[in-house]
2 protein chains.
Amino acid sequence: MKAIINKPTIKDVAQKAGVSVATVSRILNGLEGYSEETKEKVNKAIIEMNYQRNEIARHLKIKRTHTIGVLLPTRGTSFYIELLNGIQDVAHKNKYSVVNCNTGDQWQLTNDYLRVLAERQVDGMIICSLPAGLGYDKTIYDTSIPSVLVSTVSDHFQIPYIKVDDFRASYAATLHLIQNGHRQIAFLGGDKDDRIAGKPRLQGYLEALREYQIPVKESLIKHTHFSFKDGVLGMKQLLNEKETFTAIFAACDDIAVGALSVAYHEGIKVPDELSIIGYDNTNAAEMCYPPLTTVAQPLYQMGERAVELLIQSIETGKKGESIIMPYEIIERKTVKPLV
Amino acid sequence: MKAIINKPTIKDVAQKAGVSVATVSRILNGLEGYSEETKEKVNKAIIEMNYQRNEIARHLKIKRTHTIGVLLPTRGTSFYIELLNGIQDVAHKNKYSVVNCNTGDQWQLTNDYLRVLAERQVDGMIICSLPAGLGYDKTIYDTSIPSVLVSTVSDHFQIPYIKVDDFRASYAATLHLIQNGHRQIAFLGGDKDDRIAGKPRLQGYLEALREYQIPVKESLIKHTHFSFKDGVLGMKQLLNEKETFTAIFAACDDIAVGALSVAYHEGIKVPDELSIIGYDNTNAAEMCYPPLTTVAQPLYQMGERAVELLIQSIETGKKGESIIMPYEIIERKTVKPLV
DNA sequence: ATAATTAGAGTAAACGTTTACTAAGGGAAG
DNA sequence: CTTCCCTTAGTAAACGTTTACTCTAATTAT
């Protein structure tokens, strides 16, 4: 009766194989202390009963859950999926499971999720794009759960991170435009005080201009947010104000594609009359027309490295070292030398 | 010493508050059997020690994990994120966590993940776009873990599902083109024998043609897969073979956008010289130029409903009823009446 | 031949909860 | 004044593992 209703436990297996639970456990875990013969007996019983380990019980005992929590904001739909794929693939290879947490577009649910993850005894956490200044980094640090940040940093706490050098990458993107002869370059930025995608990208842009002695024109710099709609908005502002510019550096691909779309609407030919370079190399960059020249963050690989770093830190007990990932300029069809 | 190294347990709280663990547990769970006074004492202790429940232990005892597993194929990056958002939001509201499983683009990891999820004692599973004919539905059924399918069905087992009526939706999409005066309509399909996005969508297309007595021209029907590249490919075939057609119905947005991109390349004006309608209403549809007319699946809502259905089935022990979601034609700018 | 080691296995105590059962004390009902 | 019940609480047995100990018998070393 009981056997029909409940799943078989290690006890049932032991009984059926005529050994003790300890022996079964040892076999299950590949430890030593049994003969080849008993091993076969036990394995036979396991198969016959279709026994499956209860990992919950195991986790309780070994005080490890082989689970990592991932915190992501909801916005920027095209950005995170690649990252997530990288995270999940490497996690699975290392026999970790990942529980996903959508913190909402304003990060409202962050503390909520942090509590849940702690209660669920996750072995580690990966936190992406966490905004600075709201004290979340302290909360994370205080949990004393091994963590790694992706595409963000903590100002006050030593939490290892993985990101590209946004300043240099933006510098390179701007330089790419300059080297194509452009001098009047507009900047479509996202949230101005975003630690990662805001400030450093603007700085990189400014630095490139400075180095080439191109005067900065404030009216060519528009800050909105990071969505397609914001790109539309920024571009329209530029156009309404009758600014003259031959190129645009957009702080993310969605913005760039938004600008691209307005350009088409207005009959501005890209890249003949206007060059545009984006940032992120999301799949929108490949799918838009003309395909977008952009700076690529190796999102999938960043996910992979994040997990590797995290697992290392879980298993050694030491914090790992932060990693700066290489960026790359992907030349497609939206940048053309100025004639 | 111990107190410093290890997290406080319910035992420590009980000791500190001078009560038994049973009382603490009852307070934690909002049961009855204690005075207001003890409750306050205990809550004070909880706060002072910064006690957090160990959910793993709890799960072991109550034999429920409040966890649901989600199985997704890797392909179709833009499709699943919305679904996932819906799933996660509702799950969180109901205090469930979701563990994400990427089964790979060929579903290679399905059995692997199914085992992991069972061992982790998930309360339920949501499986998306599972292909038929490979026997995975049997495996799922055999786990006897409550499950719901999204955008797929099982031929042989009674597993509740959530999907739109692909046949009717495709019929409607094709009809939309017909009503705009088109008679030479090409079909760019994905995998031909996909139970959901393959066969029914083709059938819907054929049915609409039949009903309006438009002869089917096999050479206008191209089957590839579901990616942007496939859209490019399919469109190029059509062009190479010098087919004449005034409209395209694409089985997914990525295909449609691929076709759109080729059209631009070749100087074919959309929608003036060619109308295109897609399927899915992914955000690519909004971001491409011109913005894509497409049939919308309410992805986010489907995720929501899937979780609701699953939770209901977990908590009542009965299988829920399958749900057919409404589709909607989103008119943007790629379809125009034939002059 | 005896002592020391070892291989193969079992016993039972954890891990941190929940919960069925038990018990004491106080108030209401008879 | 007893009897009964309710409230407030405690005791201890699970849940399904892992693992430190213990034990026996066989093998090896002396």
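Labels below follow one simple rule: chain letters A, B, ... track the order of the sequence lines, proteins then strands, and each chain is numbered from 1. Quick note: numbers below take in every heavy atom, side chains included, and nothing from hydrogens, waters or symmetry partners.
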Length of the CG-C1' vector between Leu28(B) and dT19(C), whole Å: 14 Å

Sugar-phosphate only, base, or nothing, as touched by Ser25(A) at under 4.0 Å among non-hydrogen atoms: base

OP1 or OP2 of dG16(C) under 4.0 Å from side-chain N/O of Lys63(A): yes

5' precedence on DNA chain D between Leu31(A) and Ala57(A) (nearest-nucleotide basis): Ala57(A)

SB check Asp142(B) Lys138(B) (cutoff 4.0 Å): yes

Flag side-chain contact, heavy atom, 4.5 Å: Glu308(B) against Arg305(B): yes

NZ (Lys41(A)) with more than 12 external heavy atoms under 6.0 Å: yes

Nearest to side-chain heavy atoms of Val21(B), which nucleotide of dA9(C), dA12(D), dT17(D): dA12(D)

Short side-chain to backbone donor-acceptor contact, Gln108(B) and Gln106(B), under 3.5 Å: yes

Over 12 non-hydrogen atoms of neighbours within 6.0 angstrom of OH in Tyr141(B): no

Side-chain N,O (Tyr51(B)) to OP1/OP2 (dG16(C)) below 4.0 Å: no

Length of the line joining Tyr34(A):OH and dT24(D):P, which is rounded to integer Å: 24 Å

Phosphate-side-chain proximity, Thr9(A) and dG16(D), N/O vs OP1/OP2 below 4.0 Å: no

Residue-phosphate contact under 4.0 Å: Lys7(B) side-chain N/O, dG16(C) OP1/OP2: no

Nearest-Å distance for atom pair CD/P, residues Gln121(B) and dC15(D): 14 Å

Touch class at under 4.0 angstrom, heavy-atom based, for Leu60(A) against every strand present: base

Ile56(B) CD1 - dT18(C) P separation (whole Å): 13 Å

Below 4.0 Å: OP1/OP2 of dA7(C) and any side-chain N or O of Ser35(A): no

Side chain to side chain, Gln52(A) and Arg115(B), heavy atoms closer than 4.5 Å: yes

Whole-Å gap separating P (dG10(C)) and NZ (Lys41(A)): 8 Å

5' precedence on DNA chain D between Glu36(B) and Lys61(A) (nearest-nucleotide basis): Glu36(B)

N or O in side chain of Asn54(A) less than 4.0 angstrom from dC15(D) OP1/OP2: no

Length of the CD-P vector between Glu32(A) and dT18(D), whole Å: 16 Å

Any N/O donor-acceptor pair, Arg26(B) side-chain to dG10(D) base, under 3.5 Å: yes

Of Ile62(B) and Thr38(A), the one whose closest DNA chain C nucleotide lies more 5': Thr38(A)

Length of the NZ-P vector between Lys11(A) and dA12(C), whole Å: 12 Å

Distance in angstrom units between Arg64(B) CZ and dT18(C) C1', rounded: 14 Å

Any Thr23(A) side-chain nitrogen or oxygen under 4.0 Å from OP1 or OP2 of dG10(C): yes

